[in-house]
Amino acid sequence: MLLPPAGVLLVWFTKWSMRAKVIASVLSLLWFVLVLTMDPEGQEPAGDARPAAPTRSSASPSPSPSPSGTVAPDYTGRTLRVAQSAAYEDGFNSVSHDASDGDAGQWDDDNWLVCFQKVTGASKTIDFGVVRTGQPCPKRDGDPIPWPEMPDVVGLAFEKASVKVDRIGVKEVTVEGAYTDVTPPADPDAWKVCFQNPEAGERVEYPKNATVTLKVVEPGTGCPREEFTELHPDPVVTEDSDPDSGDGDVDLPSAHPGSFCAPQGARGVSSTGKVLRCAPGSDGRNRWQS
């Protein structure tokens, strides 16, 4: 009786009475009609139907149109939690995946932003491509995060350099003197940038939380050849100098800290007036050292 219509035929080959065979056949046929008229997925009528609870997936499908032609509202720009809730109310299931070239799972729906969406198959399921809050959306689903690059601001006045840094989203700019013994004023707009950190071309991740350091000199002052240089260094007195004889280091050759030198024990003077000695460096080769 539970396996119509084959069960109806089997009933008539039993030794049941004619009355039992007729009753079993009628009940089996009624059961068969009931099965045919039920919703194939056992759901209630369409007017009361609700989609399944939203689920997640780390799979990253190709961003192609849905073969079913189903069109969904635009949920991009919303957090994943808000997008999933809105999709549910609109009659869609939902899954999600990392929209960058990574494969991170979405454990906190409030910490992810929808960049892409696609309706998959004929089941009215939306696949959301998301990135972490604070990250820019990739150009295409699956591309790397397009973090901005640090502009080259060396040689610019601090005012113009600040504008270029602000364009990439950096709000925190620290000002330091290019010479360690010179402190910039509170308003160094006219001062020139000599050094920058990060360097030009470096990617700046999460620029709103990043800090850029610009080292400047006042107008009319040249930049030092290297960082951590004093503009007015203290006089250097060496053990080989005889202040009473009038012989100093004025005749010493020019030397650059860290450069190769010869012979060992020779002395030279840097551009800042410091006396350097030729001595073995960490690599065993003679270099100018203070």
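Worth knowing before you read on, the calculation uses all heavy atoms, side chains too, and leaves out hydrogens, waters and symmetry mates.
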May I ask whether Val114 and Phe92 are part of the same hydrophobic cluster, defined by side-chain heavy atoms of I, L, V, M, F, W, Y residues being less than 4.5 angstrom apart, directly or through others?
yes
Under a 4.5 Å side-chain heavy-atom rule over Ile, Leu, Val, Met, Phe, Trp and Tyr, are Val119 and Phe128 clustered together?
yes
Determine whether a donor-acceptor pair (N or O, by modelled atom type, separation under 3.5 Å) exists between the side chain of Gln289 and the backbone of Pro280.
yes
When rounded to the nearest 0.5 Å, the distance separating CG of Asp101 from CG of Asp141 is 11.0 Å
Heavy-atom donor-acceptor pair, Gln117 side chain to Pro73 backbone, under 3.5 Å:
yes
Would you give the length of the straight line joining atom SG of Cys137 to atom CG of Asp143, rounded to the nearest 0.5 angstrom?
11.5 Å
What's the shortest heavy-atom distance between Arg78 and Ala86, and which atoms?
NH1-CB, 3.3 Å
For Asn286 and Cys278, indicate whether the former's side chain and the latter's backbone hold a donor-acceptor pair under 3.5 Å.
no
Can you name the closest pair of heavy atoms from Pro138 and Ala99 and give their distance?
CG-O, 3.5 Å
Considering only heavy atoms from C-beta outward, does the side chain of Asp98 approach that of Gln106 to under 4.5 Å?
yes
List the atom of Ala190, the atom of Pro219, and the distance in Å for their closest heavy-atom pair.
O-CG, 3.5 Å
Calculate, to the nearest 0.5 Å, the distance between atoms CG and CD belonging to Leu113 and Gln135 respectively.
10.0 Å
If we count only N and O atoms by modelled type, under 3.5 Å, do the side chains of Asp127 and His97 hold a donor and an acceptor together?
yes
How far does CD of Glu172 sit from OG1 of Thr213, to the nearest 0.5 angstrom?
9.0 Å
Gln196 side chain to Pro151 main-chain N or O, any donor-acceptor pair under 3.5 Å?
yes
Would you list the pairs meeting side chain to side chain donor-acceptor pair (under 3.5 Å) in which at least one residue belongs to residues 147-166, sequence neighbours left out?
Asp166-Lys171
Going by heavy atoms in the side chains, are Pro257 and Lys274 under 4.5 Å from each other?
no
How long is the span from the CD1 atom in Ile145 to the SG atom in Cys115, to the nearest 0.5 Å?
7.0 Å
Please give me the minimum heavy-atom distance between Trp288 and Ala266, naming the atom from each residue.
CZ3-O, 3.5 Å
Please round to the nearest 0.5 Å and tell me the distance separating atom OG1 of Thr183 and atom CD of Glu218.
11.0 Å
Close side-chain approach of Lys139 to Pro146, heavy-atom, < 4.5 Å
no
Whether Arg81 and Asp110 form a salt bridge (side-chain N of Lys/Arg under 4.0 Å from carboxylate O of Asp/Glu) is what I want to check.
yes
Counting C-beta onward and ignoring hydrogens, is there a side-chain heavy-atom pair between Thr272 and Glu230 closer than 4.5 Å?
no
Could you pull out the closest heavy-atom pair between Tyr75 and Ala87, with the gap in Å?
OH-CA, 3.5 Å
Note: with side-chain heavy atoms under 4.5 Å as the link, the other cluster members for Val216 come out as Met150, Val153, Leu156, Phe158, Val165, Ile168, Val170, Val173, Val175, Tyr179, Val182, Trp191, Val193, Val204, Val212, Leu214, Val217, Leu231
Side-chain donor/acceptor of Ser94 to backbone N/O of Ile126, under 3.5 Å
no
Heavy atoms of Cys261 and Arg287 approach each other most closely as SG-C, 3.3 Å
